Amino acid sequence: MRINTAKHWVFVAIIAAAQPAQAVAVSDAVGDYVAGYNGSTAGDLDVVSASVSYDQATATFRLDSTFNADIGSSPSGFYIWGFNRGGGTALFESNGLKNILFDSVVRLNNDGTGLVTLIAPSFSTTNLAPGSVTITGNHMVAEIASGLLPSTGFAPESFTWNLWPRDGAVAAGFTQISDFAPDTFNVGVQVVPLPNAAWLFGSMLGLMGLRRNRRASGR
């Protein structure tokens, strides 16, 4: 292998690994409001797509969601992401949703603030740091450090989640929930792997060093 060729492929691999990995989003039907919901139907509480990825390199969850109208169209709207960290229970079972399990929730507000609430094994609430939530039109992204969602049995890569917007203008309860994504079950976190160029970079350096040694020894 020529050294120039090796350097070329090391460069290509590093560039490829540096590109952000994109999670595959869960699609949700437009206008599929939960039966009995009587809050705003302006569109920003109607989920179009959602995904959660976990970056192993930074130990950070990325919550990515898109809605059917610009966020803030419903002034009293907010967004709940339920996570099953290993001890999740079906708190909506009495509403016919026995497969949506969670033991913690992340609340994101339409003003860019948010908080994490741990339900089990004990109850606690932590505000998100400023800048954790980014809103652009109908698109919302939040970055959550894994330390805010400690395991209750699962590794972070095995957490599952569901998203349900709410309208705070409606009395607290199930009828405050506008939509579920997915509709009736949790979906797993998608893992963003550690940069895959690291091992290749080391291998290429080893090959180049071996070639230099061979040249020096006349082999």
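The structure displayed is predicted, hence computed values, not measured ones. No hydrogens, no waters, no symmetry mates; every other heavy atom, side chains included, goes into these values.
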Let me confirm one number: the CG-OG1 distance from Leu149 to Thr126, rounded to the nearest 0.5 Å.
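Leu149 CG to Thr126 OG1: 9.5 Å, rounded to 0.5 Å.
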To the nearest 0.5 Å, what is the distance between OH (Tyr79) and CG (Asp179)?
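Interatomic distance, Tyr79 OH to Asp179 CG, rounded to 0.5 Å: 11.0 Å.
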Would you say [X] and [Y] are hydrophobically clustered, going by side-chain heavy atoms of ILVMFWY under 4.5 Å?
X: Val187; Y: Tyr54; answer: yes
X: Val52; Y: Val191; answer: no
X: Val34; Y: Leu97; answer: yes
X: Ile71; Y: Leu115; answer: no

Aromatic ring centroids of Phe83 and Trp161 under 6.0 Å?
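Distance test on ring centres: not under 6.0 Å, no.
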Looking at [Y], is its backbone amide N or carbonyl O close enough to the side chain of [X] to form a donor-acceptor pair, meaning the two atoms are under 3.5 Å apart?
X: Arg85; Y: Pro150; answer: yes
X: Asp70; Y: Asp44; answer: no
X: Asp55; Y: Thr60; answer: no
X: Asn162; Y: Pro182; answer: yes
X: Asp103; Y: Ile119; answer: no

At their closest point, which heavy atom of Ile100 faces which heavy atom of Phe185, and how far apart are they?
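In terms of heavy atoms, the two residues are closest at CG1-N, 3.8 Å.
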For a quick test of reading the model, state the closest non-hydrogen atom pair linking Ala42 to Ala69 and the distance between them.
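Of all heavy-atom pairs spanning Ala42 and Ala69, the closest is O-CB, 3.4 Å.
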Using the six-membered ring wherever Trp is involved, compare the ring planes of Trp164 and Phe92 and label them parallel, tilted or perpendicular (cut-offs 30° and 60°).
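Rings of Trp164 and Phe92: perpendicular, as their planes differ by over 60°.
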Sequence-distant partners of Ser27, side-chain contact (heavy atoms from CB on, under 4.5 Å), two or more places apart:
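Residues passing side-chain contact (heavy atoms from CB on, under 4.5 Å) with Ser27: none at all.
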Between Ser76 and Asp167, do the side chains contain a donor N or O and an acceptor N or O under 3.5 Å apart?
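Yes.
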